[in-house]
Protein chains: 4
Amino acid sequence: MSTSHPRRGNTRQRIQDVALELFSEQGYEKTSLREIAEKLEVTKAALYYHFKTKEDIVISLFEDLRGPIDTLIAWGELQPRTLGTKQELIRRYSDSLRDAAPLFRFMQENQATVRDLAIGDTFKERMHTLFDLLREPEAELTDQVRCITALFSIHAGMFAMQNVAGDPEEKRRAILEVATELVTAANPPSHRRPARPDSAQTASS
Amino acid sequence: MSTSHPRRGNTRQRIQDVALELFSEQGYEKTSLREIAEKLEVTKAALYYHFKTKEDIVISLFEDLRGPIDTLIAWGELQPRTLGTKQELIRRYSDSLRDAAPLFRFMQENQATVRDLAIGDTFKERMHTLFDLLREPEAELTDQVRCITALFSIHAGMFAMQNVAGDPEEKRRAILEVATELVTAANPPSHRRPARPDSAQTASS
Amino acid sequence: MSTSHPRRGNTRQRIQDVALELFSEQGYEKTSLREIAEKLEVTKAALYYHFKTKEDIVISLFEDLRGPIDTLIAWGELQPRTLGTKQELIRRYSDSLRDAAPLFRFMQENQATVRDLAIGDTFKERMHTLFDLLREPEAELTDQVRCITALFSIHAGMFAMQNVAGDPEEKRRAILEVATELVTAANPPSHRRPARPDSAQTASS
Amino acid sequence: MSTSHPRRGNTRQRIQDVALELFSEQGYEKTSLREIAEKLEVTKAALYYHFKTKEDIVISLFEDLRGPIDTLIAWGELQPRTLGTKQELIRRYSDSLRDAAPLFRFMQENQATVRDLAIGDTFKERMHTLFDLLREPEAELTDQVRCITALFSIHAGMFAMQNVAGDPEEKRRAILEVATELVTAANPPSHRRPARPDSAQTASS
DNA sequence: AATGAATGAGGGTTCATTCAT
DNA sequence: CATGAATGAACCCTCATTCAT
């Protein structure tokens, strides 16, 4: 019985899956509830049984991310503000996003939409907190840029590199390496030997 | 007479201005032609006198960018593939974009939309060509990432840093510096001392 | 309850009825969906719940005809190609159309529209097949004309005779008689006794 | 000067030509003034210099027909109501239409449109008068049908036979022959031998 | 847990038409 | 003789949403 008709209590989940797929493929506005419903072979009205509005679907998608990131931030705030912490921070961040690639693609490609989606502010704020954990407020402008770029490369890197050959996981590691390098460069050893602004300490050690 | 009836030859331009403003503020899909028309105090139909379709307005906006970028690419292809060329390339690129900030914000925040806007492919291609001018095909994956990140930081940096205090032009220069640093690191001196490809040559000298 | 809220299962049918009425009265292009909707006291959107497009409404109208005509053609193709068959063919054809008068009026008066309505080709083809069942390919040109005229008179006759007094059913029979006469004349008794169906003296001399 | 720029005083004529071509090809409603203007490489506004409205263009097209037909009717009304007159009447009618084929195609295929185009009534009336000249009011219903069919076959025949092979002029003559035959049959010799109303007297007697 | 039927608002687009120049 | 610029009305269509069943 349960096997012949595979849709049971999982409809909510299936809606989320299809929605995320379509949102990230075509964009939020270009994806209509009709389309989602059709792909699921249910009625539009069925979607409304599970979600109050279209926006609610998106919100529910982001909820999966919120947990991990909040955890990450909480962790970060308890650590000492050392370079090591920062490096670990972005390592963990990159980790968190690995599974959430489609959602991030969606966020990345629909910023204009996400911006006024209420959830947008929430995330912007999270990003800002993360950014604050990475940078030194008093640091040079370039260092601030390095931190932001590090964060950004983690977000956007995967999609930007779709045309570049290579195993996804390898790519992610490469991106992480560069991001780490940037964070490292942005946090010069206040008392390390003045020299080296360089990079990629991670790998060498 | 000429003041009372504002029918001057500038309508097309005014449409572009308002459209770009609204597109980049609210997103492409969320901006209706009615809205644009109202802000201009003309009829929707007037827009259609000047542009064949909504998409056509966007296309016309992008056309302003095409020239400069094509020129840049043409220049790049004539130069020797040295580090100096590459550094100059992104310097010029950053320059080109300075005036086109709103358009780039639009592009950045409406990727999902731009993607299937036909003009999207054109630009993706341009990006790719630029990318090819920066990277060495045989280089390590991390170096490829550095190049892409450099390009990206120029695109997205300005908007990402809206919350960071500072003069826009100073920010731009900071971003350029980091981007240059990344490109430099990505193109290790084949014959420089074998050791560490350290970066930020620009600033230090 | 059922009377106060007329939401019954008949809306689709009602749309077809009203649409046919208006299409045949005013023409396809001159009839807007708004008009149809208003006459039905529903929203335009309601029409779209039942039909994918305006053209789809027309198609659905024609579908009622397709069956009978296809049946007729199928029958015709199984019969021997005798004069009797042909006479019976147009008798049955005239019968089929009796109930479809408004639809045929529509077709007759909106040929330019129907032509590029996709359904147009379908019907043209059916007409051609019918025509082929009536005529002898090797026959004189005048005989071909007789056959086509027979078919046409059945189509157009009713509308052409709206100003002529008389009971509709009587008119139909009169038209059928003339059409039969034409088909008969077009299929001269290769070797029938010389007597009868006059006409076409021209050829014989 | 006049040769290099071939449009001089003939613009009005050229508008009519193009309009008729497009109207009869695509239908009246489907043909926009923009389209006509584009094909002529003038502005829409230019059309309005020559014609007050879209409908005016159609009216002007029909004006070319009015003369010949009115002449024909005037002639017919002066003749004795003999079979010979009637035969001659449709012969002349067929002649008149020969040159006006596209216009008649337009009329034939856009009846719904023509109907409420004001000119429509005018033509309907003409048709009716012609019909009255052909038929005997007291005659049998079938005879009325014969007359109407005769008239109709002249109108519609050419287009209906587009798929039938043959020289256009030959087709026209064949149609005329059948039409004559019908009119002949519809006007039985009150005092000819009572028997069978055979037709096609034209050629014989 | 889901559907069938419908709505209201709005989308982009096209049209015939006008009028100052 | 013709254009450039614009309008107002209408068009077909799609959307997110609702609600009785």
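Just so it is clear, the model here is predicted, and its values are computed rather than measured.
- Here the closest non-hydrogen pair linking B:Leu40 and B:Arg14 is O-NH2, 3.4 Å.
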Legend entry - Reading 5' to 3' through nucleotides 11-18 of chain F, protein heavy-atom contacts under 4.0 Å coded B for base, S for sugar-phosphate only, - for none: SBBBBBBB
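- Residues A:Ala101 and A:Phe159 come closest through the heavy atom pair O-CZ, 3.4 Å.
- Considering only side-chain N and O atoms, D:Thr11 lies under 4.0 angstrom from the phosphate OP1 or OP2 of F:dA2.
- Rounded to an integer number of Å, the gap from D:Ile59 CD1 to E:dA16 C1' is 15 Å.
- Each of E:dT3, F:dA2, E:dA2 was ranked by its minimum atom distance to the side chain of D:Thr43; first place goes to F:dA2.
- For the pair A:Asn10 CG and E:dA1 P, the computed distance is 11 Å after rounding to whole Å.
- Rounding to whole angstrom units, CZ of residue C:Arg14 and C1' of E:dA6 are separated by 12 Å.
- Put simply, CZ on B:Phe51 is 15 Å from C1' on F:dG4, counting in whole angstrom units.
- Residues satisfying the side chain to side chain contact (heavy atoms under 4.5 Å, CB included) criterion with C:Glu29, sequence neighbours excluded, are C:Thr113, D:Glu29, D:Lys30.
- For the pair D:Gln13 CD and F:dC1 C1', the computed distance is 17 Å after rounding to whole Å.
- For DNA chain F, each stem of at least three Watson-Crick or G-U pairs (distances under 3.5 Å) is given as range with range: E:2-21 with F:2-21.
- One side chain, D:Ser60 or D:Gln16, offers a donor N or O that lies under 3.5 Å from an acceptor on the other.
- For D:Thr31 against D:Leu22, the heavy-atom pair with the smallest separation is OG1-O, 3.3 Å.
- The aromatic rings of A:Phe104 and A:His155 are tilted relative to each other, their planes meeting at an angle between 30° and 60°.
- With rounding to whole Å, D:Leu47 atom CG is found 15 Å from F:dC1 atom P.
- Once rounded to the nearest 0.5 Å, the distance linking CD of A:Glu25 with CG of A:Leu20 reads 10.0 Å.
- Put simply, CD on A:Glu41 is 15 Å from C1' on E:dT3, counting in whole angstrom units.
- We find that CZ of D:Phe23 is positioned 12 Å from P of E:dC15, with the value rounded to whole Å.
- The side chain of C:His50 approaches E:dA5 more closely than any other nucleotide in the set F:dT3, E:dA5, E:dA2.
- Comment: D:Lys39 does not engage D:Glu35 in a salt bridge, judged by the lack of any side-chain N to carboxylate O separation of less than 4.0 angstrom.
- A close approach under 4.0 Å does occur between a side-chain nitrogen or oxygen of A:Tyr49 and OP1 or OP2 of E:dA1.
- Cation-pi geometry between B:Lys54 and B:Tyr48 is not met at under 6.0 angstrom from the ring centre and within 45 degrees of the axis.
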